[in-house]
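To keep things clear, I will list the structure first and then write my remarks on it.
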Amino acid sequence: MNNSTSLLSVSAGGNDIGSTDIMGVCVPQSDQACIHAVDEGTSKARNQLPGQLDQLYSNIESRSPQARVMVLGHLPSFDAIA
């Protein structure tokens with residue numbers, strides 16, 4: 001990533017909210033444990049992730065100001081699954 005970068009794809013946030021840990025709880029454990037893990041991940045997604053993504057996008061812009069940035073998605077939200 002530098003001043004000549006013209007296209008950049010980004011997939012971010014899943015690890016930040018603990019999606020792997022959530023799936024590790026929801027698959028083998030009780031519904032209540034899963035609900036708790038999803039609630040924690042949802043809280044992180046709403047309260048911490050926006051600031052982290054803002055910082056990421058600002059860093060990208062400063063390092064590659066001419067780049068077109070394509071933000072890729074993750075699995076459906078846990079609300080859609082639950």
Side-chain angles (χ1 to χ4, degrees):
M1 206 168 56
N2 56 42
N3 282 337
S4 65
T5 302
S6 61
L7 179 63
L8 181 68
S9 62
V10 177
S11 178
N15 291 339
D16 298 302
I17 67 164
S19 61
T20 302
D21 294 335
I22 293 168
M23 297 314 275
V25 168
C26 289
V27 172
Q29 296 187 28
S30 70
D31 288 347
Q32 192 59 38
C34 180
I35 290 167
H36 179 71
V38 169
D39 287 346
E40 284 185 7
T42 299
S43 177
K44 288 179 184 177
R46 289 184 178 148
N47 299 312
Q48 297 172 11
L49 188 58
Q52 292 170 325
L53 292 176
D54 285 345
Q55 183 177 20
L56 171 66
Y57 300 143
S58 292
N59 288 340
I60 290 170
E61 183 177 30
S62 69
R63 292 178 63 188
S64 300
Q66 303 302 316
R68 182 175 181 191
V69 179
M70 307 298 288
V71 179
L72 308 175
H74 284 279
L75 295 171
S77 69
F78 291 105
D79 287 341
I81 295 170

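Nothing here was measured: the structure is a model prediction, and the numbers come from that model.
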_Donor-acceptor pair, side chain of Ser6 and main chain of Ala67, under 3.5 angstrom_ = no
*Can you tell me how far CD of Gln52 sits from CD1 of Ile17, rounded to the nearest 0.5 angstrom?*
10.5 Å
_So which atom in Pro50 and which in Ala45 form the shortest heavy-atom distance, rounded to 0.1 Å?_
CD-O, 3.2 Å
*Taking only residues two or more places apart in sequence or in another chain, which ones pass side-chain contact (heavy atoms from CB on, under 4.5 Å) with Thr20?*
Asn15
*Write down the atom of Ser11, the atom of Gly73, and the distance for their closest heavy-atom approach.*
OG-O, 4.1 Å
*Can you name the nearest heavy-atom pair linking Cys26 to Val38, along with the distance?*
SG-CG2, 4.1 Å
_Are Val25 and Ile35 connected into the same hydrophobic cluster when the rule is that any two of I, L, V, M, F, W, Y join if their side-chain heavy atoms are below 4.5 Å apart?_
no
*If you count the non-hydrogen atoms of other residues, nucleotides and ligands that lie under 6.0 Å from CG in Asn2, is the total more than 12?*
yes
*Once you round to the nearest 0.5 Å, how far does CG of Leu72 lie from CE of Met70?*
7.5 Å
*Just how far is it from atom CE of Met1 to atom CG of Asn59, taken to the nearest 0.5 Å?*
7.5 Å
_Atom pair OG1/NZ of Thr42 and Lys44 - distance to nearest 0.5 Å_ = 11.0 Å
_Side chains of Pro65 and Asn3, heavy atoms from C-beta outward: is any pair under 4.5 Å?_
yes
*Where is the tightest heavy-atom contact between Gly13 and Leu49, given as atom of each residue plus distance?*
CA-CD1, 3.7 Å
*Rounded to the nearest 0.5 Å, what's the gap from NE2 on His36 to CD1 on Ile22? Could you check?*
10.5 Å
*Roughly how far, to the nearest 0.5 Å, is OG of Ser4 from CD of Gln66?*
10.5 Å
